Every structure is written in structure tokens, then in C-alpha cells.
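Here the structure is a predicted model, which is why all the values come from computation and not from measurement.
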Amino acid sequence: MRLSFTLNIIAISALILLPYFLFGGKLFIGGDDTRLFYAYPAEYLKNVALYSWINLSSFGWNFSYQSFVPFTFLWSIVHIFIPDKVVLHYFAFSLPFIFGFIYFQKLFNSLVEKPVSNYEGFIGSLFYVLSPIIISNHFLNPLIPIWLIGLIPAVCYYLVQYIKGGSYFNILKAVILTSIFSFGSHNIPWIGGFLLPVLIGLVLCSIIFKTRDIVLFAKRTFIFLVFLVLSQMFWLYGFMAALLDFSSSSFTSTVTSETFTNEFRRSIEATARGNIIYPLLNLYPRQIAFDFGWNLKNIYLNFFDKTYFLNLIYIALLFFGLINFRKHLEIIERKIFLILLFSFILSLYFFTINIGFLFDFYILLGEIPGFIIFRNPYDKFALGYTLIYSVLISYSLLIFSRKYSKSGRKIILSVAVIITIIINGLTIKETIVSPLWTTENIYKNITISKEYLNLMENVESIVPSTTNILSIPYGLALYTIIKDTNSNNVYAGVSPLVILSGINDISGFLSFNYMPQGDEFSKAIIDRDYDTINRILYSHNISFVLVTKNLPEEVKRSYLFVKEVLKGQDNTFLSAITDKKIFSSSEGNYDLYSIKKKNSLISSENLSFKKINRIKYTINIKNLKGKQELLFNDSFHKDWNLYLESSQEDFGCQPQHEFIDLNTVECKPEHKIMDLTELKYLFKSEIFGASHEKKNGFSNAWTIDSSYVKKNFDKRYYVLNQDGSININLVLFFKPQLNFYVGSLVSFIVIFFLAVYSFKKR
Amino acid sequence: MKKNIKKRNRLSKIYILIISISIIFWFLASIFMINRISFSVVTLQSSNLTPSIHLNVDDNSSFIGKFKSLDNNLGIIYIPLNPKTIKSDGVVAFSFKQEGKGEWEYQKTYDAKLFDSQSYFTFGVPILKNSQDKVYEFEIASSLDNKESLSIKSENFITGYQYSREDITSFNYGSLRFFKNKILGSITDPDFIIKSTIYLLPLFIFILLAFIINLLSSITKRISINLNYLRIVIPILLLFTLLLESNLPIDSFPILILLWISLIVSYKLRSRFTLITGFVVIVIWIVIIPLGFFALQSKLNEIAYALLFIGCIQLLAEERRNIEKKKN
């Protein structure tokens with residue numbers, strides 16, 4: 001037992017130290033799910049996580065990033081005790097693996113009736129977190145689903161414990177853990193990649209269980225899941241509301257569209273060309289690495305192609321388990337083993353696809369609405385497959401230990417398996433610390449320079465938070481490139497501008513949220529059609545340009561930029577769209593310019609507006625006579641609502657900027673994080689909703705009518721002027737934010753009552 | 001005895017209920033959840049319902065079609081294409097008119113890249129309220145060069161009729177007609193029939209559990225590893241080799257599964273036999289990796305998975321038999 005404890009401490013210490021070995025004291029951030037929140041949690045919480053309307057280097061869209069709130073809040077507190085951002089970041093990097101390592105062992109032990117020793121679980125957990133499949137899929141691009149490495153075994157462990165003992169404490173623990181790491185559970189396709197084969201396995205194996213046991217299992221699983229789901233309402237409610245929105249531009253209508261179905265087929269045909277042998281050897285599918293020229297191809301050529309036969313030990317162990325499990329496992333263990341086995345077989349199929357006619361069958365599955373989320377099975381099923389395989393390997397080791405309990409063979413086998421795991425794990429640095437795709441010498445671990453951080457402070461103080469910045473060079477995704485202090489390494493990921501400064505930028509084609517203006521903008525740059533460019537900049541409320549001048553040439557030639565578009569962003573382009581340089585950074589690597597013709601986020605005749613936060617603006621319109629148009633220049637969404645407020649209250653405007661052409665004044669913003677009085681909009685009717693329409697193919701427009709106000713509202717809601725015109729106060733509010741408030745209330749009540757009930761029942 | 005009969009009757013009723021529910025689920029899910037027609041009020045009819053539809057190749061890059069509308073509210077023409085990679089700029093022009101009219105009544109151009117790798121393309125026309133029994137003509141022309149030119153897969157295409165929401169929800173003759181046409185259009189479309197088989201999965205799983213596993217769990221005899229083993233393995237291996245080398249028009253994978261299952265049933269083989277054979281196949285495969293026999297590896301991939309899957313079903317069946325044995 002003492003040896004087992006020592007081994008666990010050594011393994012956990014190694015996982016803590018791993019990022020220091022991999023990244024050499026630099027931050028490893030970037031990618032689609034920028035991990036900046038590991039190092040800048042408070043900034044992420046303040047500028048991104050709290051709101052349902054997201055401008056994360058893109059025009060606005062509705063998404064419930066609130067799943068990040070608990071972790072970023074907790075991590076902001078941890079930051080007080082660990083002030084060094086690198087240490088904080090590295091700790092967050094290691095955390096999912098440490099969780100995965102610990103909870104895997106707990107899960108395995110809970111699935112075993114009579115453990116022989118702790119080594120089976122220990123080896124299984126090493127097999128799991130150091131699997132080349134996990135390394136190639138989750139370590140390489142450590143996107144948010146990486147947190148599921150810890151979260152799935154943890155939740156499964158508490159579920160098993162609850163089913164076995166019925167203690168509500170286990171639900172409470174699962175609920176707390178899931179709430180803290182809720183941004184991990186946000187990744188439904190990866191959870192589905194685990195649950196789908198397990199659920200089918202459970203159904204198939206139901207014939208070997210007594211009806212009484214099935215009923216108890218179903219009942220307790222249901223209770224567990226109900227609590228788990230209700231506790232996540234703070235983000236899930238908004239997420240589901242967005243998911244169930246079938247309007248033309250919604251996420252759901254997109255994923256159920258025929259174009260997406262065709263995309264499913266195309267994606268499967270292009271990627272599912274591997275076979276079952278490499279996954280069985282616990283290696284990532286080989287063919288895909290060669291087809292797409294991934295760095296993994298070199299790792300195969302240099303390493304795995306020479307060592308793969310060692311991994312035959314896993315297959316031999318698995319088959320040994322299959323052939324001997326009946327003799328050496330207890331009844332309940334045998335049943336669990338069979339469930340895992342079926343889940344494994346199905347998982348192997350989903351992960352591979354390319355198995356005779358089963359390939360076409362998978363394409364058929366794509367016809368099921370929503371199955372599109374599994375269009376890249378080599379990614380979505382990788383985690384589930386490895387987890388199930390790891391439990392089976394642990395079980396097989398247990399069977400071996402029981403069969404040869406009194407001989408030294410089990411030690412020899414354990415050592416051989418550990419050595420094989422470690423040999424496979426040797427590729428970890430080469431896999432993770434790999435060059436940016438399509439480059440050879442550009443690595444992705446960097447130290448953000450002081451120059452850049454100072455620039456962020458200056459941008460925050462100069463640029464109003466109601467406008468957008470165009471980042472140049474404008475690229476393919478929504479990425480920004482930040483060069484390392486003393487090397488050519490770069491940060492290549494979602495632009496950190498909004499996180500670090502609170503000001504949104506448009507950095508690439510995807511910033512346009514797949515709207516046609518994205519194509520139009522790129523084409524206009526190539527064609528040097530500056531009228532079109534200026535028109536788009538104006539209609540999309542882009543008033544500043546941030547130019548990065550120190551990009552390594554190799555990055556410019558990478559997949560991140562379209563050659564012709566990059567070529568078009570020269571000095572002629574710059575002078576055609578900007579009027580003056582406002583600011584240069586300390587070392588001259590970044591310049592900030594202002595655009596020739598600036599627009600206002602909100603505009604109408606005699607209008608003043610004030611930003612309260614990302615989802616709320618107060619508006620005052622004076623001398624409203626007849627009808628006039630009100631424009632809100634962010635992406636159109638039907639749930640941006642106008643509410644008429646009492647005109648008795650003082651609007652309190654400190655003018656910050658006056659748009660003379662538009663007869664509009666922008667007041668100093670209030671920066672109020674949130675206001676629970678907004679809950680009144682649950683019951684209050686919007687005004688002018690019938691006139692809400694899309695303008696310029698992008699913005700929101702309403703027709704404001706003074707006679708409608710006078711006819712339908714009493715005098716508290718408007719001030720009548722001598723010429724018959726009126727003054728009104730409006731609030732522009734993004735209604736889905738209420739889902740967060742209501743959902744949070746539900747989560748709080750559920751967790752509170754669960755805690756009280758659990759302690760009472762203890 | 002009476003108790004047993006009662007139990008069997010109850011079980012039969014449950015079986016009938018589950019099978020009926022599965023069939024109803026298959027029917028409803030197929031009609032309403034196949035992506036092509038879901039969430040819409042479009043009813044589709046396959047062209048082969050009428051002989052008066054023609055699609056002629058006019059020249060290399062132009063197609064002319066003629067068809068008789070089967071219903072009112074014509075709104076969609078759905079053309080099967082041979083998927084081709086289209087990367088160059090170009091346009092595809094679609095023109096449409098009623099037969100006998102001089103000029104095209106409706107014309108629209110599409111960016112040719114929209115046709116990239118598409119196996120179907122939907123051309124929309126303004127909804128024609130009184131289209132039933134009228135003959136229409138259309139032309140599809142592209143400006144693409146020969147290398148990337150579009151080609152139409154078959155003469156059969158699909159016409160779609162856009163009923164208004166009122167027509168569907170009013171529960172009158174219009175809605176009945178919609179459902180009739182939707183069902184008729186669906187069941188006469190072979191592509192739809194193939195796609196609908198995914199919703200047969202619950203029924204398939206039930207049959208697997210209720211019948212196949214029961215059948216396998218009734219196998220009791222255990223084969224000893226002696227000459228009998230070779231007597232079975234040699235012909236099977238020969239058959240595998242034949243399947244591996246042949247260019248049969250049908251997939252060898254389902255044949256292999258059926259063969260192996262019949263072998264298990266006839267010789268009452270245990271799971272151990274299937275699993276060991278599977279393991280041997282995997283080892284052979286790993287050994288031949290450096291030799292680069294890709295076609296062979298591809299077949300071994302199917303064989304190994306099939307044996308693994310069948311072995312697991314056998315394990316489950318044997319476990320069930322064990323439990324029942326203990327019960328008795």
C-alpha cells in the first residue's frame with residue numbers, strides 16, 4: 001500500500017512538472033479555445049464569461065459562455081495565492097490530467113468487488129492519461145474538451161458510488177465538481193462520444209441483469225442525472241434555448257440543414273480511412289496523419305513505426321482477459337466487464353468507421369438530425385474509446401493477477417506494461433511542442449511581451465468599448481498572431497484583444513460568423529475595392545485598425561493567411577481606409593490607426609446612448625416626432641429587445657463622443673457587470689418589436705413611432721414637448737441573458753437543497 | 001406448467017408490443033426525421049411516378065428536363081449529380097418555364113462552387129399554386145470547362161411541392177393530401193428507403209437480444225482443440241482467401257459474418273474459438289505491416305473486427321446461459 005501511495009505521488013508530481021519540461025517557462029496558449037483564461041482568469045470572467053452575447057474576436061452572437069464563470073472565478077482566487085502567471089497557467093494545464101489520473105483509479109476500484117492490489121488501477125490510469133491517442137488528440141490541441149479527461153471518470157465514479165450505496169453525498173460531490181468544471185461539460189460531442197457506445201453496451205447487456213437490478217440502476221441513474229442537469233442550469237438553460245431556436249440563422253437550423261449533411265459525408269469520406277489495428281495498439285489512427293500531413297506523421301516515421309510491435313502486449317492482455325474473465329471475476333464484475341466490452345467494440349467502430357459496410361452505415365447515421373456533431377469521429381470518439389479501453393486493460397490485469405496471484409508473472413507483466421506506456425509517452429514533447437501547422441520552425445509556446453501588454457492598456461484607454469477594431473494582418477480564422485519576446489515562436493489563436501482590453505476586434509474571415517460579408521471583405525481586399533471595404537467597415541462599426549508589424553515571414557506563408565488577401569493589406573490599403581495614426585507601441589511593432597469614417601454602435605436622430613455592459617444599453621431620444629429609424633450596428637438577433645422606461649428618471653449622460661452626421665451622442669459607459677433588476681424583463685413587453693428587422697444584411701433596425709408611445713403609454717413614459725414631440729428613455733437589452741439569471745437561480749436552489757438533504761441524511 | 005404457459009404468453013405479448021412500437025418508430029422517424037425533408041413543409045415525389053419526365057443531355061454542359069407536375073404548389077426540383085470537385089470560378093444557370101411558353105419564365109444563376117462534391121442539388125422556383133398536371137421544362141447550363149463540368153447521375157429526379165402551413169395544419173383535404181403525398185413520395189424513393197433503415201436500429205437491437213443471443217446461448221457442446229478444429233479452420237481460411245482475392249460485387253464483410261455465425265451454430269463453437277482466431281488474425285496483420293500488403297490489411301481489418309464482434313456476442317450469450325443454468 002505504501003509503495004502504491006509513493007508511486008501515485010511520483011506520477012502526480014510528474015504531471016505537475018510536465019508543462020515545465022514541455023514549455024520551458026513560456027505560456028502555451030492559443031488555438032480555437034484560447035487558454036488565456038488559465039493565466040488571465042479575472043479578465044476572461046469580466047470581459048467574456050458573464051454574458052450571453054459574445055464578441056470574441058467576432059461580431060456578436062448568442063452563446064452561453066457562462067459555463068466558464070465558476071472556474072474563472074475560482075481561478076481568479078487561486079491567482080491571488082499564485083501570482084505568477086506561468087505557474088498558474090501550468091497548474092491549470094496539468095489539472096485535467098491529475099484529475100483524470102486520480103479519478104480513473106477511483107472509478108476502477110469502484111467497479112471491482114474485491115481488489116487484489118491498487119496496481120491494476122494505477123497502471124490503467126497511466127495507460128489512460130499517457131495514451132498516444134490522448135496525447136495526439138487532446139494534448140496536441142489542448143482545447144476545452146481536455147477537461148473531460150478528468151471530469152468523465154469523476155462523474156462516472158460518483159454515479160457508480162451512488163448506484164451502489166444510494167448516498168446523496170455522491171450526487172453532491174459530482175454536482176460540485178461538474179459545476180466548477182462546467183466549461184468542460186459544455187463539450188457535448190465528446191461526452192456523446194463516450195456515452196453513445198456505453199449506452200448501447202448497457203442496453204445490449206441488460207439481458208444478463210435481473211429486472212429488479214435494472215429498475216434500481218435506471219432509477220438511481222435518473223435521479224443522479226436530474227440533479228446533475230438541474231445544477232448546470234446556469235449555463236445549460238441558455239444553451240438549450242439557443243439549441244432549440246429553429247429560426248433561420250440559428251445553430252440548430254444549421255446543423256440540421258442538408259448542406260451540413262453533405263458536409264458530414266464529405267468529412268467522413270476524407271478522414272475515416274484508417275483501420276482498427278492502430279487504436280487496438282493504443283495508437284492514434286496512422287493514415288489520417290499522413291493524409292493531412294500532420295506532425296504525427298513524422299512521429300510515426302521516426303518512432304511508432306519502429307516500436308508499434310511492443311504495443312501488442314495490450315492486445316494480448318485484452319484477449320487474455322476476454323478468454324479468462326469468466327473464471328476469475330465475480331458475478332457482478334463479469335457483468336460490468338461485458339458492458340465495458342460491448343462499449344469498447346462499439347467505440348472501436350465509431351473511432352475507426354472504415355470497416356467494410358459499416359462505413360456506409362455510419363454515413364447513414366448522419367441522416368439522424370444532430371448526428372452531424374460526430375462528423376469527425378477520430379476526434380469526438382477518441383477520449384471515450386481510450387477511457388473504456390483503459391478500464392478493460394485494468395480489468396485484464398486484474399484477471400491476470402488473480403490467475404497468477406502467487407507467481408512473479410504478474411509483476412513481470414505489470415513492469416512490461418508500465419515500460420510500454422512510458423516508451424509510448426516519450427513522444428509527448430515531440431507531439432505537443434510541434435511547429436505551427438504548415439510551418440517548420442514556428443513553435444507555439446511564448447512569453448507575451450511587455451510591449452503587447454502595454455499596448456492592451458493603451459487600447460483600453462483610447463478605444464471606446466462600443467466600437468470594433470480591425471486587426472491587420474487579417475487572416476483566415478479569427479486568429480491573432482503575437483510574436484514571442486526573444487524568438488520566432490508565436491501565439492496563434494483567438495484574438496486576445498477583447499479578453500485583455502475589453503475591446504473587440506475583427507481578425508479574420510471567421511470573425512464575420514459565416515455571413516456573406518466575410519467573403520465580400522476578402523474579395524474586396526484582393527480586388528483593391530476600397531469603396532466596398534470602407535462601406536463594410538462603416539456598416540459594421542469598425543472605427544480603428546491595429547497593425548502588427550513583427551510577424552515572422554514563415555507565419556505569413558502558413559495556413560493562417562490567404563496569400564492574395566495578405567498581399568492586398570499593404571500601405572495603399574492602409575492609407576485608403578485610415579485617416580491618422582493614433583498610437584505606436586514602445587518598440588514600434590504595433591500601430592493603432594483610426595478609420596476615415598466612423599460609425600456609432602447605436603444611432604438615430606437626437607439620440608444619446610450609454611453602454612451599461614455587453615448586453616444592455618440605455619437610450620434617450622429627444623424631440624421624437626412621427627417615425628424614425630433606430631440602428632444597432634451589431635449582428636442581427638431577434639432577441640435584442642427595446643423596452644420603454646419611465647421618463648421621470650434622469651438619463652445622466654456624460655458625453656464621450658458626438659457623431660455629428662448621425663445626430664447621436666455616446667455617453668460615458670457605466671461598466672455595470674450585471675443588474676438583477678433586469679429580471680423584470682421576464683414579464684415586461686418589448687416595444688417596437690414588430691418593426692425589428694435586419695438592416696444592411698447585418699445590423700438591427702427598429703422604427704420608433706412617437707404616436708404609438710403617446711397612444712399606448714401614460715405620461716410617466718414620455719415627456720411631451722411644446723411642439724408635440726416627445727422625449728423617451730429606452731433600454732436595449734439582450735433577452736437571452738435572462739436565461740442565465742433564471743438558470744443560476746435554479747442551479748443555486750438545487751445545489752442548496754441537495755447539500756441540506758445530503759447532510760441531513762448523513 | 002400453467003405458470004410457464006402464462007409466462008410465455010405474457011412474454012409474447014411484450015415481444016409483439018416492442019416490435020410494434022419499433023416498427024411505428026421506424027415509420028414515423030423515417031417520414032419526419034430524414035434530413036432532406038425534415039422541419040419543412042415540402043412533400044417530395046420521385047420522378048419515376050410518371051413516365052413523362054425526360055432529362056436529356058443537350059451538349060457537354062447543358063441539360064434539358066421536361067416533366068409533368070404531379071401536384072399543385074410546385075416549388076422544388078431536386079437533381080441527382082455525380083459528385084465532382086469544383087474549385088474554379090464559374091456559374092451554373094437554371095432556367096424554367098411551362099411547356100409551350102416562349103421565353104423562360106424564371107432564371108437564376110448559382111456560383112459553381114456550390115456544386116462542389118454535391119450528390120444532389122436543389123433548384124427552387126417560385127411556388128406555382130396551380131401546377132398539377134401541367135408540363136414544365138427546365139435547362140441547366142454551366143460555364144465550367146470539360147474537366148469540372150457537371151454531370152447528372154440519372155434520369156430520375158425529384159420534384160417538391162411546397163404546401164402552406166395552413167394547408168397542413170387545417171386538417172382538411174389539403175393536409176390529408178400533404179400527408180398522402182409525403183408518404184407516397186417517401187416510400188417510392190429508394191434513397192429514402194435506404195436512409196430510413198437507420199431507424200430500424202431499435203428493432204434490430206431487440207431482435208439481436210431476443211432471438212440471436214437466445215439462439216447462441218442454447219449452444220452447449222464444446223469443441224476440443226484437435227483435428228476437428230483443423231477440419232473447420234482450413235475450409236474457412238480458404239474461403240477467406242477467396243474472398244480476399246476476389247472482386248466480388250458484394251461486400252465480403254456481411255458474407256463473412258453470416259458464414260461464421262452459421263459455423264458457430266452448426267459446430268456449436270464457443271466464444272474462445274472465435275476470439276482466439278480473431279487474435280491470430282490481428283497478430284498476422286501486425287506481422288505483415290512492414291510488408292505493406294495494403295489490400296490484405298484492409299480485409300484483415302474487417303475480419304478481425306467481425307470476429308471480435310461475434311466473439312463478444314457469444315460471450316454475452318454464454319453468460320446468459322450460465323445465469324439461466326444457475327436459476328434452474
Side-chain angles (χ1 to χ4, degrees), chain A residues 200 203-210 246 252-253 256-262 264-266 269 274-277 280-281 305 308-309 311-312 315-316 318-319 322-323 325-326 331 334-335 337-338 341-342 344-346 348-349 352 354-358 360-361 364-369 371-372, chain B residues 29 33-36 38-39 83 114 116-120 122 194-199 201 205 208-210 213-214 251-254 256-257 271-272 275-276 278-279 282-283 285-287 289-290 297-302 304-306 308-309 311-313 315-320 322-323 326:
Chain A
I200 303 174
V203 172
L204 284 173
C205 294
S206 59
I207 56 165
I208 52 172
F209 285 89
K210 288 177 191 160
F246 283 89
T252 306
S253 65
T256 53
S257 70
E258 190 166 347
T259 317
F260 251 72
T261 311
N262 290 335
F264 180 84
R265 170 185 281 274
R266 238 186 302 178
E269 281 170 351
N275 53 47
I276 62 165
I277 197 73
L280 278 174
L281 289 167
D305 281 351
Y308 70 88
F309 60 89
N311 295 20
L312 188 60
I315 303 177
L318 175 71
F319 277 86
L322 293 184
I323 289 162
F325 84 99
R326 202 169 293 131
I331 297 173
R334 288 210 304 264
K335 290 177 178 177
F337 185 84
L338 278 171
L341 185 60
F342 271 96
F344 173 73
I345 294 291
L346 291 161
L348 179 62
Y349 160 56
T352 310
N354 188 25
I355 308 170
F357 78 94
L358 293 177
D360 298 310
F361 181 72
L364 263 184
L365 289 175
E367 295 292 328
I368 298 174
F371 201 81
I372 183 74
Chain B
M33 289 175 77
I34 297 287
N35 271 342
R36 183 147 55 82
S38 62
F39 308 116
L114 289 172
D116 178 29
S117 308
Q118 299 290 332
S119 52
Y120 271 98
T122 310
I194 293 168
K195 285 175 178 174
S196 75
T197 53
I198 47 170
Y199 295 111
L201 269 181
I205 291 175
L208 183 79
L209 292 177
I213 290 177
N214 270 345
D251 196 343
S252 56
F253 187 47
L256 172 70
I257 293 176
S271 58
R272 179 185 285 257
L275 291 169
I276 290 175
F279 182 67
I282 289 171
V283 172
W285 185 0
I286 289 173
V287 170
I289 284 178
Q297 282 177 23
S298 163
K299 288 291 174 188
L300 290 176
N301 184 44
E302 295 173 21
Y305 188 79
L308 204 53
F309 188 80
C312 291
I313 297 277
L315 283 177
L316 187 62
E318 286 162 10
E319 186 64 24
R320 185 178 161 81
N322 275 351
I323 290 168
K326 273 182 193 164

Close side-chain approach of [X] and [Y], heavy atoms under 4.5 Å:
{"X": "B/Ile323", "Y": "A/Lys335", "result": "yes"}
{"X": "B/Leu308", "Y": "A/Leu322", "result": "yes"}
{"X": "A/Tyr308", "Y": "B/Pro290", "result": "yes"}
{"X": "A/Asn275", "Y": "B/Trp285", "result": "yes"}

Derivation of the side chain to side chain contact (heavy atoms under 4.5 Å, CB included) call for B/Phe279 and A/Leu318 = CA-CA 10 Å; B/Phe279 182 67; A/Leu318 175 71; over 6 Å; no

CZ/B/Phe309 to CG/A/Leu348 distance, rounded to the nearest 0.5 angstrom?
->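 Output value for this atom pair is 11.5 Å.
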
Roughly how far, to the nearest 0.5 Å, is the CD1 atom of B/Ile276 from the CD1 atom of A/Ile323?
->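 Between atom CD1 of A/Ile323 and atom CD1 of B/Ile276 there are 4.5 Å.
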
Side chain, backbone, both or neither of [X] within contact of chain B (heavy atoms, under 4.5 Å):
{"X": "A/Phe325", "value": "side chain"}
{"X": "A/Leu338", "value": "side chain"}
{"X": "A/Leu281", "value": "side chain"}
{"X": "A/Asp305", "value": "neither"}

For B/Ile282, all residues meeting side chain to side chain contact (heavy atoms under 4.5 Å, CB included), sequence neighbours excluded |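 Checked B/Ile282 against side chain to side chain contact (heavy atoms under 4.5 Å, CB included); matches are A/Ile277, A/Leu280, A/Ile315, A/Phe319, B/Ile286, B/Ala304.
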
Quick one: do A/Phe309 and B/Ile289 satisfy side chain to side chain contact (heavy atoms under 4.5 Å, CB included)? Show the steps, please.
-> CA-CA 10 Å; A/Phe309 60 89; B/Ile289 284 178; over 6 Å; no

Results of salt bridge (charged side-chain N to carboxylate O under 4.0 Å, His left out) for A/Arg326 - residues two or more places apart only =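 Salt bridge (charged side-chain N to carboxylate O under 4.0 Å, His left out) list for A/Arg326, sorted by chain: B/Glu318, B/Glu319.
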
Is B/Asn301 reaching over with its side chain to a backbone N or O of A/Asn354, donor-acceptor style, under 3.5 angstrom?
->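 Yes.
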
